[in-house]
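Each chain gets a letter, A, B and so on, in the order its sequence line appears, and its residues count up from 1.
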Number of protein chains: 2
Amino acid sequence: MVNRRIGKEDSETRQHLLEAAEQLMREEGYAAVTSRKLASFAGLKPQLVHYYFRTMDELFEALFKRVADKHLSALKEVSAQENPLVGMFELSCDSANSVLHLEFLALANHRKNIHDQVTAFGRELNRTESAIILDVLRKEGIETPGVAPEDLSTIIETMARGMAFAENLNARPLGNARNILTGCLAKFSVTLRALSEFSDAD
Amino acid sequence: MVNRRIGKEDSETRQHLLEAAEQLMREEGYAAVTSRKLASFAGLKPQLVHYYFRTMDELFEALFKRVADKHLSALKEVSAQENPLVGMFELSCDSANSVLHLEFLALANHRKNIHDQVTAFGRELNRTESAIILDVLRKEGIETPGVAPEDLSTIIETMARGMAFAENLNARPLGNARNILTGCLAKFSVTLRALSEFSDAD
DNA sequence: GTCTATACTTCGATAGAC
DNA sequence: GTCTATCGAAGTATAGAC
């Protein structure tokens, strides 16, 4: 049948299912998020999963949207802090989130709808971070940085995620590496001058 | 039964299966590597998979070992190049490998044996890279760098993988970001001086 | 070394009663 | 909105013939 009944988006049970799915995915990976395991984890019947989500793909989509929105709104809070760049870095380093990110990246490798969603999120993140970076630079009196804010965002984001993945894997801090990078961000105008040198060269 | 017959490690069919598994994992993710799909992909019967590998876990272990060994031997070749650091970076940026790495990282999140294998590989990689870095620094006349070679390896590796994941996701180069980082590595002694400043701070 | 046959489990998804 | 019942497909793994 094509027109099956589907539960409302604002349903409490639906929220509960998404919550459980997030936890399950974090702890056991996306492959463990099956209708049966999820239901049992949430204390519900498997059929309810299909009542709220037409397919499992639809569930993953909804879950990613949830996680992505959470990250973007946290980013907005960070931008009001004293040192937004360090906050930005710490946010993307967060190991709980990084595990989820990793799972979604892996999912994106072979599910087109997730792939599109993840790239769209990446673009939005880059835009938002670029704006924050520009703002920080202006406050330091730098109007035209030698490196594009978009590239700076990419570099920071790249390092943060890499750190998070590695830390998460080793279950320990990565020597002094993370402190060094945080230091670079705390004295960003100095770092930027250094980076600019390499940007012009090649 | 506990003592099932298992095929020899040097069997051609076994190699063929691992080859196919690698490709399948790259293209469709680890969840697609099932005995049935793998066998059909390799033009064999599913039961042969279980003849060569006691369990699917054993197959993933063997596959990771294969990939890790390949990477380490490629790294050794790179260390003989003119600019080993750039080569190191490019190697870890390689998008074909990065997809596999990502899949294994995801697998490691919830399979203990893979987790242990991946961390062990990470440690060995760090050791090998540190040695290369030390060598490069010595040739530039720097005997005691302000930042530990292990941390430098971590930073470079982190950036490279992050780049690879992001590029792979977007299916396009990441603006100028990658060039900037390559530039930093090409003029490593300059970069190192800049990094040292932040290392001593706070 | 590769095949057939097969046991058992878990999966996604739907229909229909309540 | 949640339940029971149920399908067919796909998963891992083993035994035993050739």
In whole angstrom, give the distance that lies between atom NE2 of B:His16 and atom C1' of C:dT2.
14 Å
A:Ile6 CD1 to D:dT2 P, in whole Å, measures 13 Å
Measure from the side chain of B:Lys37, starting at C-beta and using heavy atoms only, and say which of D:dG1, C:dA15, D:dG11 lies closest.
D:dG11
What do the steps show when you test A:Ile6 against A:Tyr51 for side chain to side chain contact (heavy atoms under 4.5 Å, CB included), and what is the final call?
CA-CA 5 Å; A:Ile6 293 294; A:Tyr51 171 64; 5.9 Å; no
Per A:His50 side chain, nearest of listed nucleotides D:dA17, C:dC11, C:dA13
C:dA13
Parallel, tilted or perpendicular for B:Phe64 and B:Phe121, by the 30°/60° rule?
perpendicular
Using only side-chain N and O atoms of A:Ser35, determine if any of them is under 4.0 Å from OP1 or OP2 of C:dA13.
no
Per A:Arg36 side chain, nearest of listed nucleotides D:dG11, D:dA5, C:dC11:
C:dC11
Would you mind reading off the distance between A:Leu48 atom CG and C:dG12 atom P, rounded to a whole angstrom?
15 Å
Testing A:Arg123, A:Arg127, A:Glu129 for side chain to side chain contact (heavy atoms under 4.5 Å, CB included) with A:Leu125, which one passes?
A:Glu129
To the nearest Å, give me how far apart NZ (A:Lys45) and C1' (C:dG12) are.
17 Å
Determine: side-chain N/O of B:Thr55 to OP1/OP2 of D:dT12, distance under 4.0 Å, yes or no.
no
If I take atom CG in residue B:Leu17 and atom P in nucleotide D:dT12, what distance separates them, rounded to the nearest angstrom?
13 Å
Can a side chain N or O of A:Tyr52 be found less than 4.0 Å away from OP1 or OP2 on D:dT2?
yes
Closest-nucleotide ordering on DNA chain D, the 5'-leading residue of A:Ser11 and B:Ala31
A:Ser11
Establish whether the base of C:dT14 is bridged to the side chain of A:Arg54 by a donor-acceptor pair shorter than 3.5 Å.
no
A:Val99/B:Asn109 under side chain to side chain contact (heavy atoms under 4.5 Å, CB included): CA gap, chis, key distance, verdict:
CA-CA 8 Å; A:Val99 177; B:Asn109 274 342; 3.5 Å; yes
With the threshold set at 4.0 Å, does a side-chain nitrogen-carboxylate oxygen contact exist between B:Arg26 and B:Glu103?
no
Assign each of A:Gln47 and A:Ala32 the nucleotide of DNA chain C bearing its closest heavy atom; nearer the 5' end lies the nucleotide of A:Ala32
Testing D:dA17, C:dC11, C:dC3 for proximity to the side chain of A:Thr34, the answer is C:dC11
From CZ of A:Phe53 over to P of D:dT2, roughly how many Å is that when rounded to an integer?
12 Å
Checking contacts here: which listed nucleotide (C:dA17, D:dA13, C:dG1) is nearest the side-chain heavy atoms of B:Arg5?
C:dG1
How many whole angstroms separate atom OH of A:Tyr51 from atom P of D:dG1?
4 Å
Do B:Asn168 and B:Ser98 pair up side chain to side chain, a donor and an acceptor below 3.5 Å, judged on atom types alone?
no
Compare the minimum distances between each of C:dT14, D:dC3, C:dT2 and the side chain of A:Arg4, then state the nucleotide with the smallest one.
C:dT14
Distance check needed: C:dC3 P versus B:Leu44 CG, whole Å only.
7 Å
A:Met56 has a side chain; which of D:dA13, C:dG12, C:dG1 sits nearest to it?
C:dG12
